[in-house]
Amino acid sequence: PIGGMVASAQPAELRLAEATLQTIRVPRRRGRPRTRPQVLVADKGYDSNAFRQSLWRRGIRPCIPRRRHQPRRGRQPDLSPYRCRWVIERTFSWLGHFRRLVVRYERCVEVYWAFVVVAFILICLARIVK
């Protein structure tokens, strides 16, 4: 993952999307790290015109399918990057193998985030060893 955030289950994911985008830091060989992706692939839960406008203003192309099919004139949106969404779902599945993350025993967000980072380290080490 290039960014992430952990919060309580109360707020909707769409409200946490902007804060999650602020955590993106992709290191480069020279200069400061990149802070915005070229394309944001998200599911239908993030379908909001305000969120799309926010992404366009930051220079990020949204790839979010509509909740309801609305006939529109003009060019159809390009949803070809959405076909790679299975990679994200597979990553969530790998995190699901860690029982401590599935059932959230930790009340402190920082401790829970530390366990998420440890889980990603273990996943990466297992991929390297193979």
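Bear in mind the structure is a predicted one, so any value in this text is a computation, not a measurement.
V118 and V109 fall within the same hydrophobic cluster, defined by Ile, Leu, Val, Met, Phe, Trp and Tyr side-chain heavy atoms under 4.5 Å apart, directly or through other members. Side-chain heavy atoms closer than 4.5 Å link hydrophobic residues (I, L, V, M, F, W, Y) into clusters, and following such links, even through other members, never connects L55 to M5.
For L125, the side-chain contact (heavy atoms from CB on, under 4.5 Å) criterion is met by I121, not counting sequence neighbours. Under the rule for a side-chain contact (heavy atoms from CB on, under 4.5 Å), the partners of C108 that lie at least two apart in sequence or sit in another chain are E110, V111. The salt bridge (Lys or Arg N to Asp or Glu O under 4.0 Å) search around E89 returns R85, not counting sequence neighbours. Scanning for side chain to side chain donor-acceptor pair (under 3.5 Å) contacts around Q38 gives an empty result, with sequence neighbours left out. With sequence neighbours excluded, no residue forms a side chain to side chain donor-acceptor pair (under 3.5 Å) with R15. Take E106 and apply the side chain to side chain donor-acceptor pair (under 3.5 Å) test, not counting sequence neighbours, and it matches R100. For R90, the side-chain contact (heavy atoms from CB on, under 4.5 Å) partners at least two apart in sequence or on another chain are W86, V87, W94.
P37 and I60 get closest at one heavy-atom pair: O-CG1, 3.5 Å. Shown here for G45 and R67, the closest heavy-atom pair between the two residues is O-NH2, 3.4 Å.
The main-chain N or O of G96 is never found under 3.5 Å from a side-chain atom of R99 such that the two would form a donor-acceptor pair. Checking side-chain atoms of T23 against main-chain N and O of G4 turns up a donor-acceptor pair under 3.5 Å.
Atom-to-atom distance recorded for L14:CG and I64:CD1 is 8.0 Å, nearest 0.5 angstrom. Taking CZ of R107 as the start and OH of Y112 as the end, the distance is 15.0 Å to the nearest 0.5 Å. The distance from atom CG of L21 to atom CZ of F51, rounded to the nearest 0.5 Å, is 5.5 Å.
Hydrophobic cluster membership for V129: none, as no Ile, Leu, Val, Met, Phe, Trp or Tyr side chain comes under 4.5 Å of it.
Side-chain contact between F98 and L122 is present, with heavy atoms from C-beta onward closer than 4.5 Å.
Pairs of residues two or more places apart, or lying in two chains, that qualify as side chain to side chain donor-acceptor pair (under 3.5 Å) and include a residue from residues 43-65 are E13-Y46, E18-S54, D47-R52, N49-R66. Residue pairs that meet the side chain to side chain donor-acceptor pair (under 3.5 Å) test with at least one member in residues 28-37, sequence neighbours left out, do not exist here.
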